[in-house]
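Below is one structure, written out as structure tokens; comments come after it.
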Amino acid sequence: MQTNLFFKKCKRLQLSLEKRLEQIGFEQKNNPIDLYERSLMEIDSVIRIIKQEVSLYEFSTVADEVYFFKEIKPAFISQFIYFSKLLSIEAAKPNAGELSLKEYFECELEVLKSFYEDHIDFYEYYRRKATYLDQKYFVRNQFDLKTKIESGLYDYDEKFATSHDHLISQIIANDRLERYLLKSIAEINVYVYEKIADKSPLQWSASKSALVELLYALHNTRSFNGGNIEFSEIIKFTEKSLNINLGNFYKTLHEIKSRKTNPTKFLQLLSDHLNQSFQDGDQ
């Protein structure tokens, strides 16, 4: 088979696979484990077709072989890695409340970070679309022991693998997985904030500028997260918790700072009332 015909066949298989995965996603949207398992079976069947042909195929040029192992094969293998990881995450998901689930997803993000740190040089090579090492990285039976080689290199099928094509598949899968995890964490955050707001018996009855003044004082004294949080995040959480809209809080803060007399009048009011309460209690 001519190389261009083979590449067109791979493209048709890819488009067909994407449509099938979309269909499975629609049919099994309420059953994620079945969705991931069925998706993996579909991906596996397509990869086996491609592997059977490539294992017996000799590319006419090095450029064609590089293109296959750098661009085409990772498009399929990354799908398999991605759905395998989703299945693993879903099957081991804890039933211990939203906060525990958030922590679980955050741990998975740390795994992605560790992989990135272990392969940071190749990440840079790939994302900068470099090509100067392609003949070592993406041609079969061609690798340089002076470069970083995966420890499991000799476990690969030498007719269907190069030294670095699997890393590209992993990077593509990890990028998708990161988006999935961040989205899941964001959805949990929204759920928790809404739950707090729904159950909160508190209603802020002083002025909005007084609340901004108080929050800014607490932020400046590193009272939240040891100071490792943006003031805007404190505002967002407070708005959700107290079901209040603080509007343009930076403008409010500027107005507080611009007061000619007693910029911290609410804090002074708190201090005066607290001291008076203590004195009344001692009498």
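What's counted below: heavy atoms across the whole structure, side chains too, no hydrogens, waters or symmetry copies.
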For the residue pair T252 and N248, confirm or rule out a side-chain donor-acceptor distance under 3.5 Å. no
Distance check, rounded to the nearest 0.5 Å: I77 atom CD1 versus F80 atom CZ? 8.0 Å
Can the ring centres of Y132 and Y125 be said to be less than 6.0 Å apart? yes
Between the side chains of R179 and D175, is the shortest nitrogen-to-carboxylate-oxygen separation below 4.0 Å, so that they form an ion pair? no
CD1 of I24 to CD of E27, rounded to nearest 0.5 Å, is 7.0 Å
Report the relative orientation of the aromatic rings in F7 and F59; use parallel for angles under 30°, tilted for 30 to 60°, perpendicular for over 60°. tilted
Tell me whether L133 is reachable from Y126 by hopping between hydrophobic residues (I, L, V, M, F, W, Y) whose side-chain heavy atoms are closer than 4.5 Å. yes
Measuring from I244:CD1 to L211:CG, what's the distance to the nearest 0.5 Å? 5.5 Å
How long is the gap from CZ on F160 to CD on Q52, to the nearest 0.5 Å? 11.0 Å
Could you please spell out the steps behind the side chain to side chain contact (heavy atoms under 4.5 Å, CB included) verdict for T238 and E233? CA-CA 9 Å; T238 304; E233 291 299 313; over 6 Å; no
Assess, by modelled atom type and distance only, whether the side chains of Q268 and D272 contain a donor and an acceptor separated by less than 3.5 Å. yes
Could you tell me whether D134 and K70 have a side-chain N and a carboxylate O separated by less than 4.0 Å? yes
Determine, for Y57 and K159, whether the Lys NZ or Arg CZ falls below 6.0 Å from the six-membered ring centre while staying within 45 degrees of the axis. no
Starting at NE2 of H119, measure out to CD of E124 and round the result to the nearest 0.5 Å. 15.0 Å
Check whether the ring centres of F122 and H164 lie less than 6.0 Å apart, and answer yes or no. yes
Cationic N near anionic O, under 4.0 Å, E158 to R140: no
Judged by modelled atom types alone, do S277 and D280 share a side-chain donor-acceptor pair under 3.5 Å? no
Parallel, tilted or perpendicular, judged at 30° and 60°: which one describes the rings of Y216 and F231? perpendicular
Honestly curious: do M41 and I49 fall in one hydrophobic cluster under the side-chain, below-4.5 Å linking rule? no
Consider side chain to side chain contact (heavy atoms under 4.5 Å, CB included). Of L218, T264, L253, which one does E213 pass it with? T264
Shared hydrophobic cluster, L214 / L269 (ILVMFWY, side-chain heavy atoms < 4.5 Å): yes
Of the options R20, Q79, Q23, which is the one that meets E42 in a side-chain hydrogen bond (donor to acceptor under 3.5 Å, both in side chains)? R20
Taking the six-membered ring for Trp and the full ring for Phe, Tyr or His, determine whether the centres of H254 and Y250 are under 6.0 Å apart. no
Going only through I, L, V, M, F, W and Y residues with side-chain contacts under 4.5 Å, is there a path from L109 to I89? yes
Taking every heavy atom of A173 against every heavy atom of S78, the minimum-distance pair comes out as CB-O, 3.5 Å
Kindly give the heavy-atom pair with the smallest separation between C10 and I72, and that separation in Å. CB-CG2, 3.8 Å
Report yes or no: do L5 and L15 belong to one cluster of Ile/Leu/Val/Met/Phe/Trp/Tyr joined by side chain heavy-atom distances under 4.5 Å? no
Aromatic ring proximity, centroids under 6.0 angstrom, F68 and F138: no
Give, for atom NZ of K29 and atom CG of D34, the distance between the pair rounded to the nearest 0.5 Å. 15.0 Å
Cationic N near anionic O, under 4.0 Å, K19 to E22: no
